[in-house]
Amino acid sequence: MSQKYTVPRGTKDILPSEIPFWHYIESSSRSLFGLYNYQEIRTPIFEHTELFERGIGDATDIVEKEMYTFTDKGNRRLTLRPEGTAPLVRAYVQNSIYAKSKVAKLYYCGPMFRYERPQSGRYRQFHQIGVECLGNALPIADAEVIAMGVHLFDELGLSGLSVTINSVGCAVCRPVIEERLKQFIGMNLENLCEDCNRRFDSRPLRILDCKNVTCKTYMTGLPDIRNSLCHECTDHFNYVVGYIDNLGIRFQINPQLVRGLDYYTRTTFEIVSDQLGAQNALCGGGRYDGLVSQLGGPATPAVGFAFGIERAVMILQELSDYHQKVNPLIYMAPVGFDQVAKCFLLVDRIRRAGYRVELEAGKTDLKSHLKQADKLDARLVLIYGETEAEQGNILVRRMTDRTQESVDFDAVLEFLLAEFGPGHG
RNA sequence: GUGGACGUAGCUCAGGGGUAGAGCACCAGAUUGUGGCUCUGGUGGUCGUGGGUUCAAUUCCCAUCGUUCACCCCA
């Protein structure tokens with residue numbers, strides 16, 4: 001079908017049938033983050049381009065080729081946010097949130113934009129929910145953030161997930177690690193793939209992550225990176241691992257786990273799903289002790305994660321046992337045009353009492369009313385025709401068992417109360 | 001940015017050089033105020049777009065746009 005107007009490539013409409021999943025994820029996240037004493041923060045959807053260049057790192061794929069950048073009429077260079085951490089830190093610094101208390105625990109939720117080739121689970125506009133704990137350098141903070149993620153996905157009922165964790169070192173030991181890695185690779189550099197050669201100077205750690213088969217063979221025999229971490233980083237990592245192990249969280253240590261954003265220090269982790277196809281990362285995060293100061297704030301340690309709502313929805317949709325609880329539908333059937341006004345009045349009264357009602361005034365015969373009510377999956381049909389008008393009644397029909405009874409026009413609310421309990425809303 | 005697959009009714013798809021079909025969905029009937037089943041009938045497509053080959057293209061060729069999967073990378 002060729003249509004004149006379609007959504008831009010990599011974007012999609014979230015249709016009513018999918019919306020319950022979104023509400024479920026969003027409201028579960030909000031209430032669970034509340035239990036950990038987190039507060040929501042909302043930042044603009046676009047920022048000065050420089051924020052991302054500085055914050056994410058200008059050698060990253062995101063900054064090099066994935067940003068939606070434009071110039072506004074005042075000649076400002078702006079970018080649709082590709083991720084949530086840098087803007088949140090910007091807001092943290094700009095509003096001096098650090099001055100109010102030592103620790104700030106914040107979460108955000110909203111659309112992100114990355115110019116990539118779309119594929120399963122990957123969009124150009126996608127949505128993330130993320131949490132950031134700022135001002136706490138202790139390993140317990142890392143552990144709590146990871147535990148919160150695991151808790152949330154448990155709560156949502158997502159299965160088939162696994163946690164992977166690693167440490168990428170700090171400002172002190174990372175250069176040492178990179179140097180060692182370069183030495184190890186150096187002699188074989190020409191045998192590695194193009195990408196790895198490019199990474200060699202800018203971001204050598206990423207070579208560890210390469211999926212290229214020949215590159216992998218040259219990586220065998222590489223000493224475990226964690227042996228090169230400094231004492232502080234090693235201790236930190238061991239504590240984090242100990243804490244989450246103690247909680248009974250199952251995880252794997254993966255020394256190859258290197259994330260694509262430059263700001264990470266020490267802990268990095270991912271939660272992946274076996275139900276997502278190639279783009280299997282549901283959630284990713286880690287510690288970023290250098291970012292706040294890099295963006296002009298006081299030296300502040302921080303740790304956080306973000307997960308993709310679309311991907312969470314994909315997993316939920318695979319699960320057959322997900323059912324939403326809904327207010328049962330009541331269908332108001334005026335039989336004959338003359339009854340419409342009176343029905344409108346009744347429907348108003350019922351809705352104000354908190355029940356969900358569909359008034360169908362476009363049909364005038366009972367047969368098509370009932371067909372329509374059936375299609376809408378109504379639980380109850382209120383029939384009001386000439387007979388009822390004369391007698392001052394409503395005929396109430398239960399669609400499930402085809403029973404029906406006459407109720408006084410003014411006693412409908414009492415009937416509904418007995419039938420469904422109090423309405424809500 | 002690279003590679004593969006695919007674009008035919010609202011949806012899932014079949015077909016095939018001579019101006020298109022099925023199932024589902026939708027609408028209307030099967031007597032007068034009673035739904036989900038069944039039966040009957042009906043609406044609905046310039047076969048993604050542009051160009052080329054041909055007497056003729058939706059069917060062949062090219063391009064383009066889009067969808068999709070994978071790589072890269074990530075949520």
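Within every chain, numbering begins at 1; the chains are lettered A, B, ... in the order of the sequence lines, protein sequences first and strands thereafter.
- Protein atom CZ of A/Arg397 is 7 Å distant from nucleotide atom C1' of B/G35, rounded to whole Å.
- Each of A/Tyr384 and A/Ser120 was assigned the nucleotide of RNA chain B with the nearest heavy atom; the assignment lying further toward the 5' end belongs to A/Tyr384.
- Looking at A/Glu388, its side chain does come within 3.5 Å of a backbone N or O of A/Gly385 through a donor-acceptor pair.
- Side-chain atoms of A/Arg117 and base atoms of B/U2 include a donor and an acceptor less than 3.5 Å apart.
- Spacing between atom CZ of A/Arg259 and atom P of B/C72 amounts to 16 Å, rounded to whole angstrom units.
- Here the nucleotide nearest the side chain of A/Gln119, chosen from B/C69, B/A75, B/U34, is B/C69.
- One C1' atom belongs to B/G29, the other to B/G21, and the distance between them is 25 Å to the nearest Å.
- Between A/Glu116 and A/Arg124 no salt bridge is recorded (no basic side-chain N to carboxylate O distance below 4.0 Å).
- Residue contacts shown for A/Gln125 are absent, as no nucleic acid heavy atom lies under 4.0 Å away.
- Between the CE atom of A/Met67 and the C1' atom of B/G1 there is a distance of 17 Å, given to the nearest Å.
- Of the candidate nucleotides B/U34, B/C72, B/G35, B/C72 has the atom lying nearest to any side-chain atom of A/Gln279.
- The listed nucleotides are B/U34, B/A75, B/G36; the one nearest the side chain of A/Leu366 is B/U34.
- Nucleic acid contact class of A/Met399 (heavy atoms, under 4.0 Å, all strands): base.
- Rounded to whole Å, the separation between the P atoms of B/C13 and B/U8 comes to 9 Å.
- Contacts of A/Ile383 with the nucleic acid, taken as non-hydrogen atoms under 4.0 Å apart, include base atoms.
- For the P atoms, the distance linking B/G7 with B/C61 amounts to 13 Å, nearest Å.
- Using a 4.0 Å cut-off between charged nitrogen and carboxylate oxygen, A/Arg379 and A/Glu419 do not count as a salt-bridge pair.
- As judged by a 4.0 angstrom heavy-atom cut-off over every strand, A/Glu66 is placed among residues touching the sugar-phosphate backbone only.
- The ring of A/Phe269 has its center no closer than 6.0 angstrom to the ring center of A/Phe251.
- A donor and an acceptor atom sit less than 3.5 Å apart, one in the side chain of A/Arg402 and one in the base of B/G35.
- The interatomic distance linking A/Lys371 (NZ) with B/C37 (P) rounds to 10 Å, in whole Å.
- Aromatic rings of A/Tyr68 and A/Phe46 (six-membered ring for Trp) have centroids beyond the 6.0 Å cut-off, not under it.
- By the criterion of a centre-to-centre distance under 5.5 Å and near-parallel planes under 30°, the ring of A/Phe126 forms a stack with the base of B/A75.
- Distance check on atom P: B/C72 versus B/A14 gives 31 Å, rounded to whole Å.
- Look at A/Arg122 and A/Glu310 and you find no salt bridge, because none of the NZ, NE, NH1 or NH2 atoms lies under 4.0 Å from a carboxylate O.
- With salt bridges taken as basic N to acidic carboxylate O contacts below 4.0 Å, one links A/Arg42 and A/Glu40.
- For A/Arg122, the side-chain atoms get nearest to B/C71 when compared with the rest of B/U34, B/G36, B/C71.
- Pairing each heavy atom of A/His236 with each of A/Ala137, the nearest pair is CE1-O, 3.3 Å.
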Applying the Watson-Crick and G-U criteria (both distances under 3.5 angstrom) with [ ] for crossing and | for other-strand pairs, one obtains for RNA chain B (((((((..((((.......)))).(((((.......))))).....(((((.......))))))))))))....
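- Residues from residues 43-59 of chain A placing a heavy atom under 4.0 Å of any atom in RNA chain B do not occur.
- Across B/A70, B/U34, B/A75, the shortest atom-to-atom separation from the side chain of A/Arg311 is found for B/A75.
- Closest approach to the A/Arg9 side chain among B/U34, B/G66, B/C27 is made by B/G66 (side chain taken as heavy atoms from C-beta onward).
- Contact annotation for A/Gly121: base contact, defined as any heavy-atom pair under 4.0 Å involving a base atom.
- One P atom belongs to B/U43, the other to B/A28, and the distance between them is 15 Å to the nearest Å.
- Look at the P atom in both B/U67 and B/G48: the space between them is 16 Å, to the nearest Å.
- Nucleotides B/A22 and B/U64 have their C1' atoms positioned 32 Å apart, rounded to a whole Å.
- Relative orientation of the A/Tyr355 and A/Phe420 rings is tilted, given thresholds of 30° and 60° on the angle between their planes.
- Distance, A/Asp374 CG to B/C26 C1': 15 Å, rounded to whole Å.
- Rounded to the nearest Å, the gap between the C1' atom of B/G23 and that of B/G44 is 15 Å.
- The CG-C1' distance, from A/Leu380 to B/G36, rounds to 17 Å in whole Å.
- Backbone-only contact: A/Leu261 has heavy atoms under 4.0 Å from sugar-phosphate atoms and none from a base.
- In this structure, A/Tyr92 has no side-chain hydrogen bond (donor to acceptor under 3.5 Å, both in side chains) partners at least two apart in sequence or on a different chain.
- A salt bridge does not link A/Arg77 with A/Glu47: none of the charged nitrogens is closer than 4.0 Å to a carboxylate oxygen.
- Taking the charged nitrogens against the carboxylate oxygens, A/Arg287 and A/Asp289 do have a contact shorter than 4.0 Å, which makes a salt bridge.
- Applying the 4.0 Å criterion to OP1 and OP2 of B/C27, one finds that A/Lys363 has every side-chain N and O outside that range.
- Rounded to an integer number of Å, the gap from NZ of A/Lys367 to P of B/A28 is 11 Å.
- Between the CG atom of A/Asp365 and the P atom of B/G29 there is a distance of 8 Å, rounded to whole Å.
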